[in-house]
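Structure first, then comments.
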Amino acid sequence: MHLFTPFEVRDVTARNRVMVSPMCQYSCAADGLATDWHQVHLGSRASGGAGIVMAEATAVTPRGRITPHDLGIWSDEHAEALESTTEFIKSQGATPAIQLAHAGRKASTERPGDGGGPIHDDRGWTPVGPTETPWPHDEALDTERLDTDGIARIVDAFVDAALRSLEAGFEILEIHAAHGYLLHEFLSPVTNTREDQYGGSFENRTRLLREVVAGVRNEIPEGTPLFVRISATDWLPDRDSWSVGDSARLARDLEPLGVDLIDVSAGAIHPDQQIPDTGPHFQVPYAERVGESGMPVGAVGKITTPEGADAIIRNDRADLAVIGREHLRDPYFAIRAAKELGHEAPVPRQYTRGF
Ligand SMILES: Cc1cc2nc3c(=O)[nH]c(=O)nc-3n(C[C@H](O)[C@H](O)[C@H](O)COP(=O)(O)O)c2cc1C
């Protein structure tokens with residue numbers, strides 16, 4: 001097994017094990033509709049040889065956007081706006097995937113490049129979360145605690161978004177339950193202090209994610225792969241927080257619900273987090289630990305070289321090498337990797353004279 005061994009999951013075969021990590025482009029007008037930017041950005045990484053090209057965190061409801069510029073998929077119009085992108089990705093031999101997201105209490109902020117702070121003018125909105133406690137910030141926004149009806153509507157929104165994603169032509173779906181956004185906010189005792197059936201015990205805190213997964217799995221075809229991205233740890237060792245052990249336990253609970261892979265990231269639940277190490281491959285040990293449950297895993301974080309990505313697969317530390325920023329620097333990472341590692345490179349016909 002190596003980086004260019006195809007990855008088979010349900011009815012999908014990705015041509016290699018390089019996945020473009022979901023990366024917000026903050027490139028929509030204030031309506032969540034995909035633009036030419038999304039087509040060119042995602043299309044380039046498909047031409048660049050990646051096996052799976054995953055679209056950024058895509059909001060399942062308008063209030064689930066991080067910023068007013070985020071991609072959304074809460075109407076048929078949103079799905080239609082993505083069709084040409086998925087078609088192009090497939091024409092390049094890559095597999096189109098989409099990350100379905102709700103920003104929870106981290107919603108209604110400026111783009112990172114514009115400061116990233118909460119928006120208080122009429123471009124913004126009231127975020128929702130497991131409790132009324134907002135994301136800690138000097139100018140924090142009032143946050144609405146979801147009641148059980150609101151929670152049920154969130155589950156429905158993920159299911160509707162999943163079906164629309166399939167209409168749009170995506171072949172793999174990923175539920176975003178990481179990085180301090182809504183589903184992670186329910187998982188973590190740092191943010192979830194509810195006293196109803198959605199808070200308290202591990203079983204209660206994982207209930208919303210399990211309901212989303214079960215709801216989506218129930219409605220999508222048997223052959224469609226379903227991934228879940230988690231933060232393996234909250235990086236808050238000194239308080240009651242989500243741990244790598246919790247993640248391994250969660251993976252075991254999600255497997256019988258029809259999840260095919262855990263995409264293992266970390267952190268971002270609280271600004272007090274202490275990241276112990278940010279060197280190359282720093283999150284791979286978390287993926288390995290979650291993978292011990294038997295669940296296939298993706299490893300992400302500072303994977304930047306062909307040899308490094310290949311070693312992760314060869315040493316059976318993860319099933320996918322999920323690569324973010326190196327794909328911003330080089331859309332042709334996978335072609336370069338194939339050349340360097342001595343495999344047939346997925347070079348587009350139009351570019352063969354360049355290689
Ligand atoms: C510009 C940018 C946007 C990102 N947006 C998302 C996102 O939409 N969803 C997500 O799960 N992670 C997001 N991330 C995190 C990346 O997917 C990835 O996990 C992280 O950058 C670490 O991997 P890397 O070292 O290969 O970049 C983003 C990162 C960057 C740099």
Charged N-O contact under 4.0 Å between [X] and [Y]:
X: Glu185; Y: Lys106; value: no
X: Arg111; Y: Asp114; value: yes
X: Arg317; Y: Glu288; value: yes
X: Glu326; Y: Arg336; value: yes

Using a distance-only test with no angle check, is there a side-chain donor-acceptor pair under 3.5 angstrom linking [X] and [Y]?
X: Arg252; Y: Ser247; value: no
X: His179; Y: Ser265; value: yes
X: Gln25; Y: Glu56; value: no
X: Gln39; Y: Ser84; value: yes

Is it the case that the side chain of [X] and the backbone of [Y] share a donor-acceptor pair, with hydrogens and angles ignored and the cut-off at 3.5 Å?
X: Thr67; Y: Thr109; answer: no
X: Asn218; Y: Ala214; answer: no
X: Arg17; Y: Asp319; answer: yes
X: Arg210; Y: Leu254; answer: no
X: His41; Y: His38; answer: no
X: Ser241; Y: Pro237; answer: no

Would you name the heavy atoms of [X] and [Y] that are closest together and state the gap between them?
X: Phe355; Y: Ile335; result: CE2-CG2, 3.3 Å
X: Gly129; Y: Thr143; result: N-CG2, 3.9 Å
X: Glu83; Y: Glu167; result: OE2-O, 4.0 Å
X: Leu226; Y: Gly258; result: CB-O, 4.0 Å
X: Leu173; Y: Ala162; result: CD1-CB, 3.7 Å

All side-chain contact (heavy atoms from CB on, under 4.5 Å) counterparts of Ala14, not counting sequence neighbours:
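Expected list: Phe7, Ile52, Thr95.
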Point-to-point distance, once rounded to the nearest 0.5 Å, from [atom1] of [X] to [atom2] of [Y]:
X: Glu171; Y: Thr13; atom1: CD; atom2: OG1; value: 10.0 Å
X: Ser44; Y: Phe88; atom1: OG; atom2: CZ; value: 7.5 Å
X: Asp70; Y: Cys24; atom1: CG; atom2: SG; value: 5.0 Å
X: Leu320; Y: Leu261; atom1: CG; atom2: CG; value: 5.0 Å
X: Met23; Y: Arg45; atom1: CE; atom2: CZ; value: 7.0 Å
X: Asn16; Y: Asp310; atom1: CG; atom2: CG; value: 11.0 Å

Just wondering, do [Y] and [X] contact through their side chains at under 4.5 Å, heavy atoms?
X: Phe158; Y: Ile175; value: yes
X: Trp242; Y: Val190; value: no
X: Ile151; Y: Leu208; value: yes
X: Met54; Y: Met19; value: yes
X: Arg325; Y: Thr304; value: no
X: Thr133; Y: Arg105; value: yes
X: His327; Y: Ser21; value: no
X: Tyr286; Y: Val297; value: no

Using the rule given for side chain to side chain contact (heavy atoms under 4.5 Å, CB included), can you reason through Leu236 versus Asp238, listing the C-alpha separation, both sets of side-chain angles and the distance that settles it, and then say yes or no?
CA-CA 6 Å; Leu236 290 164; Asp238 300 335; over 6 Å; no
Validation row, ring centre His343 to ring centre Phe4 under 6.0 Å:
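Close enough - the centres of the two rings lie under 6.0 Å apart.
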Centroid-to-centroid, His102 to Tyr181, below 6.0 Å?
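Ring-ring flag for His102/Tyr181: false, centres at least 6.0 Å apart.
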Looking at Val155, Leu182, Val228, Leu257, which hits side chain to side chain contact (heavy atoms under 4.5 Å, CB included) with Val212?
Val155
So for atom [atom1], which belongs to [X], do other residues, nucleotides or ligands contribute more than 12 heavy atoms lying within a distance under 6.0 Å?
X: Arg239; atom1: CZ; answer: yes
X: Glu222; atom1: CD; answer: no
X: Phe202; atom1: CZ; answer: yes
X: Asp36; atom1: CG; answer: no
X: Glu307; atom1: CD; answer: yes

Check the pair Glu211 / Tyr198 against side chain to side chain donor-acceptor pair (under 3.5 Å), numbers first and verdict last.
CA-CA 11 Å; Glu211 288 181 355; Tyr198 290 97; 2.9 Å; yes
Would you mind writing out the side-chain donor-acceptor pairs for residues 273-283 within the sub-3.5 Å range, not counting sequence neighbours?
| unit_1 | atom_1 | unit_2 | atom_2 | d |
| --- | --- | --- | --- | --- |
| Gln273 | OE1 | Ala268 | N | 2.5 |
| Asp277 | OD1 | Gly279 | N | 2.8 |
| Gln283 | NE2 | Val300 | O | 2.8 |

Qualifying residue for side chain to side chain donor-acceptor pair (under 3.5 Å) with Asp263, from Arg229, Gln99, His176:
Arg229
Please determine which of Asp234, Asn192, Thr191 meets the side chain to side chain donor-acceptor pair (under 3.5 Å) test together with His184.
Asp234
Checking salt bridge (charged side-chain N to carboxylate O under 4.0 Å, His left out) for the pair Asp260/Arg10: CA distance, chi angles, key distance, verdict?
CA-CA 8 Å; Asp260 300 298; Arg10 294 190 188 253; 2.9 Å; yes
When the ring planes of Trp135 and His270 are compared, do they come out parallel, tilted or perpendicular, using 30° and 60° as the limits?
tilted
Can you check side chain to side chain contact (heavy atoms under 4.5 Å, CB included) on Leu82 and Ile73, steps first, answer last?
CA-CA 9 Å; Leu82 285 159; Ile73 186 130; 4.0 Å; yes
Let's go through Val259 and Met295 carefully: what are the C-alpha distance in whole Å and the side-chain angles of both, what is the deciding distance for side chain to side chain contact (heavy atoms under 4.5 Å, CB included) to 0.1 Å, and is it a yes or a no?
CA-CA 9 Å; Val259 170; Met295 174 73 95; 3.8 Å; yes
Does Arg65 count as lying over the ring of Trp125, i.e. NZ or CZ under 6.0 Å from the six-ring centre, within 45 degrees of the axis?
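Cation-pi check for Arg65 and Trp125: passes.
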Applying side chain to side chain contact (heavy atoms under 4.5 Å, CB included) to Thr126 and Val128, what does each step give before you reach the verdict?
CA-CA 7 Å; Thr126 304; Val128 299; over 6 Å; no
